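The structure appears below as structure tokens.
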Protein chains: 2
Amino acid sequence: MSETTHKQTPETRERILDAAEGLFMAHGFEATSMRMITGMAHVNLAAVNYHFGTKDALIHEVFRRRLRDLNRRRLAALSAEEVAAGGAPVKPSRIVEAFFGVSIEMASDTQHGGATFMRLLGRTYTEPNEFVRKFLAEEYAEVVDRFMGALYRALPDVPREEILWRFHFMMGAMSYAIAGTDALQLFAGEFDDKDPARLMERLMSFLLGGLRAPLPATTAQHMESRRNAA
Amino acid sequence: MSETTHKQTPETRERILDAAEGLFMAHGFEATSMRMITGMAHVNLAAVNYHFGTKDALIHEVFRRRLRDLNRRRLAALSAEEVAAGGAPVKPSRIVEAFFGVSIEMASDTQHGGATFMRLLGRTYTEPNEFVRKFLAEEYAEVVDRFMGALYRALPDVPREEILWRFHFMMGAMSYAIAGTDALQLFAGEFDDKDPARLMERLMSFLLGGLRAPLPATTAQHMESRRNAA
DNA sequence: GTATGATTCAAACGAACGTTTGATTCAATG
DNA sequence: CATTGAATCAAACGTTCGTTTGAATCATAC
């Protein structure tokens with residue numbers, strides 16, 4: 001054999017996953033062919049089907065590999081806040097920071113592909129593909145439960161629907177923040193501030209500003225009439 | 001001929017555009033085939049190529065058809081605010097309302113496909129496909145110029161980069177708001193509040209809260225040192 | 001009513017897709 | 001050193017894709 005003595009098995013899987021991750025991010029799932037993936041990974045065309053079964057299973061694994069760690073760190077961050085609060089409800093801003101801080105942290109990791117993955121993840125929340133959204137929901141189930149529960153406890157007077165929507169809005173802002181310059185170039189041709197620390201600052205200011213904004217008039221009215229009835 | 005005496009030309013184009021719009025929204029561009037489009041539109045397979053040339057040209061026309069009107073209304077709304085302000089800078093909140101208000105207005109129009117299109121548009125801002133983003137940038141060029149200029153004038157002390165980012169975040173929040181329940185179901189299985197008026201309220205509160213949030217520490221420091229130097 | 005240009009139609013085109021196959025090569029076991 | 005199971009390889013599979021073709025059908029003008 002001329003090079004790399006092909007046959008250190010574990011490396012093939014990783015190379016495929018890395019290549020697929022980058023190509024999915026750059027071109028989307030459908031526009032990325034098996035031949036593109038195996039070509040970039042320098043493996044045989046049949047390797048994907050051998051190691052993962054189907055293309056869909058590969059997509060699944062690309063997400064599972066990173067999402068497991070991402071959500072484990074999110075839960076750990078929330079747990080740490082809950083311990084620090086000692087029984088009392090965690091402040092909303094700390095909850096938001098726990099969730100989105102980990103996101104941006106991972107998005108800042110350009111060494112191990114974290115940045116690539118987060119950009120892929122950001123645009124996948126709105127992915128039309130049914131089966132992608134299905135397992136995304138599964139992977140998020142526990143995290144959603146924990147964080148929503150914490151927010152409900154922290155804001156007992158705010159309607160849960162309102163909290164859900166605001167969290168949804170925050171997810172959108174974060175996705176665009178991480179997807180980054182791609183969509184921003186729509187608005188400004190020249191634009192290259194990529195310092196992740198400053199991005200984190202910027203995004204957090206915006207998110208907390210939105211979270212703390214006065215409730216819309218209609219919602220406030222509903223709460224008022226409810227309070228009077230009680 | 002049995003039905004509809006096939007040959008009222010203008011209707012064929014519209015039927016294709018409407019079908020394509022809905023299918024692109026539901027499945028994405030690549031996953032939507034010409035056969036799906038022509039099947040749903042009840043026209044011959046070759047009709048798309050005859051009327052539009054290629055699939056890409058069809059995609060382009062799907063956007064151009066609605067975007068023209070959308071951005072014309074945005075510019076009109078901003079002009080009205082500028083007239084009302086009579087030479088003085090328009091308040092930031094009014095600028096934001098002019099831009100995003102028109103978006104939600106169109107997203108609320110379930111009669112003429114406006115809602116379908118806005119959901120499609122929301123997820124297209126982050127579209128990987130190069131040529132889609134290209135003509136999106138072209139269609140937006142004038143609107144971006146006008147609105148960014150207005151914001152710069154309204155907030156002369158805020159760094160332009162900061163304004164750009166916050167507008168970017170707002171776009172993300174709006175996209176998720178309009179893409180709506182799709183991504184929200186990720187977080188809450190049962191969820192069906194679709195009243196567009198309340199959504200508009202909710203989103204505006206959030207956006208203005210984020211826009212008015214205190215600047216991040218680093219940015220504030222930069223401004224401080226600049227002020228001292230002057 | 002016949003000529004004309006626009007539109008629709010059924011059928012086919014080559015290209016690219018995801019996947020499968022069967023032989024071959026590797027590392028490890030007895 | 002022969003055997004075994006895992007991994008890689010080149011080649012092909014059938015399907016679907018976007019697009020093209022040439023004949024058929026329409027509305028209109030002379």
Side-chain angles (χ1 to χ4, degrees), chain A residues 1-24 26-63 127-132 134-135, chain B residues 1-24 26-63 127-132 134-135:
Chain A
M1 282 290 94
S2 59
E3 52 173 0
T4 66
T5 68
H6 88 87
K7 196 58 62 57
Q8 54 275 33
T9 327
E11 215 190 311
T12 298
R13 271 182 62 100
E14 295 299 315
R15 281 219 306 279
I16 292 174
L17 288 170
D18 289 341
E21 188 176 66
L23 289 168
F24 287 155
H27 306 109
F29 301 119
E30 313 256 4
T32 300
S33 69
M34 302 286 255
R35 285 161 180 84
M36 290 166 69
I37 296 170
T38 55
M40 168 163 286
H42 296 105
V43 300
N44 187 272
L45 169 61
V48 173
N49 295 96
Y50 176 78
H51 283 283
F52 300 95
T54 65
K55 184 183 180 181
D56 280 359
L58 169 65
I59 296 175
H60 194 153
E61 183 59 22
V62 165
F63 281 90
E127 169 71 29
N129 191 323
E130 183 96 15
F131 107 96
V132 174
K134 188 71 71 70
F135 71 69
Chain B
M1 285 290 94
S2 58
E3 52 174 357
T4 68
T5 68
H6 90 87
K7 197 56 62 58
Q8 53 275 33
T9 327
E11 215 191 311
T12 298
R13 270 182 63 99
E14 296 297 318
R15 279 219 307 278
I16 291 174
L17 288 171
D18 289 341
E21 188 175 66
L23 289 169
F24 288 155
H27 306 108
F29 301 119
E30 312 256 6
T32 300
S33 69
M34 302 287 254
R35 287 162 179 84
M36 290 166 68
I37 297 170
T38 53
M40 169 163 284
H42 295 105
V43 300
N44 187 271
L45 170 61
V48 172
N49 295 95
Y50 176 79
H51 284 282
F52 300 95
T54 65
K55 184 183 179 181
D56 279 359
L58 169 63
I59 296 176
H60 194 152
E61 183 59 23
V62 164
F63 281 90
E127 169 72 28
N129 191 323
E130 182 96 14
F131 107 95
V132 173
K134 187 72 71 69
F135 71 70

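These figures come from a predicted structure and were not determined experimentally. Naming: A, B, ... by sequence-line order, numbering from 1 per chain.
Take Ile59(B) and apply the side-chain contact (heavy atoms from CB on, under 4.5 Å) test, not counting sequence neighbours, and it matches Phe24(B), Phe29(B), Asp56(B), Phe63(B), Phe131(B), Val132(B), Phe135(B). Residues meeting the side-chain contact (heavy atoms from CB on, under 4.5 Å) test with His27(B), sequence neighbours left out: Leu23(B), Ala31(B), Thr32(B), Met36(B). Contacts of Tyr50(B) classified as ring pair (Phe, Tyr, Trp, His ring centres under 6.0 Å), with partners at least two apart in sequence or in another chain: none. Residues satisfying the side-chain hydrogen bond (donor to acceptor under 3.5 Å, both in side chains) test with Asp18(B), not counting sequence neighbours, are Arg65(B). Residues that satisfy the side-chain hydrogen bond (donor to acceptor under 3.5 Å, both in side chains) test with Glu21(B), not counting sequence neighbours, are Arg66(B).
Checking dT20(D), dA7(D), dT8(C) against the side-chain heavy atoms of Tyr50(A) singles out dA7(D) as nearest.
The phosphate of dT8(D) (OP1 or OP2) has a side-chain N or O of His51(A) nearer than 4.0 angstrom. Under 4.0 angstrom from either OP1 or OP2 of dG18(C) there lies no side-chain N or O belonging to Thr54(A).
Within the structure, salt bridge (charged side-chain N to carboxylate O under 4.0 Å, His left out) contacts touching residues 28-55 of chain B (residues at least two apart or in different chains) do not occur.
Partner of Val48(A) under the side chain to side chain contact (heavy atoms under 4.5 Å, CB included) criterion, chosen from Ile16(A), Thr12(A), Val43(A): Ile16(A).
The separation between Ile37(B) atom CD1 and dG18(D) atom P is 7 Å, rounded to whole Å. Taking atom NE2 of residue His42(B) and atom P of nucleotide dC9(C), one finds them 12 Å apart after rounding to whole Å. A straight line from CG of Leu58(B) to C1' of dT19(D) spans 14 Å, rounded to a whole angstrom. At whole-Å resolution of the value, CD in Glu11(B) and C1' in dA27(D) are 16 Å apart. Regarding Ile16(A), its CD1 atom lies at a distance of 11 Å from the P atom of dA7(D), rounded to whole Å. Rounding to whole angstrom units, CG of residue Asn49(B) and P of dG22(D) are separated by 16 Å.
Minimum heavy-atom separation, Ile37(B) to Ala19(B): O-CB, 3.8 Å.
Annotation: the terminal axes of the helix from dG1(C)-dC30(D) to dG30(C)-dC1(D) meet at 10°, where each axis is the rotation carrying the C1' atoms of four end pairs onto the next four (5 pairs per end, rounded to 10°).
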If the sugar-phosphate is the primed atoms plus P, OP1 and OP2 and the base is the rest, what is the B/S/- string for nucleotides 10-17 of chain C, using protein heavy atoms under 4.0 Å?
B-B----B
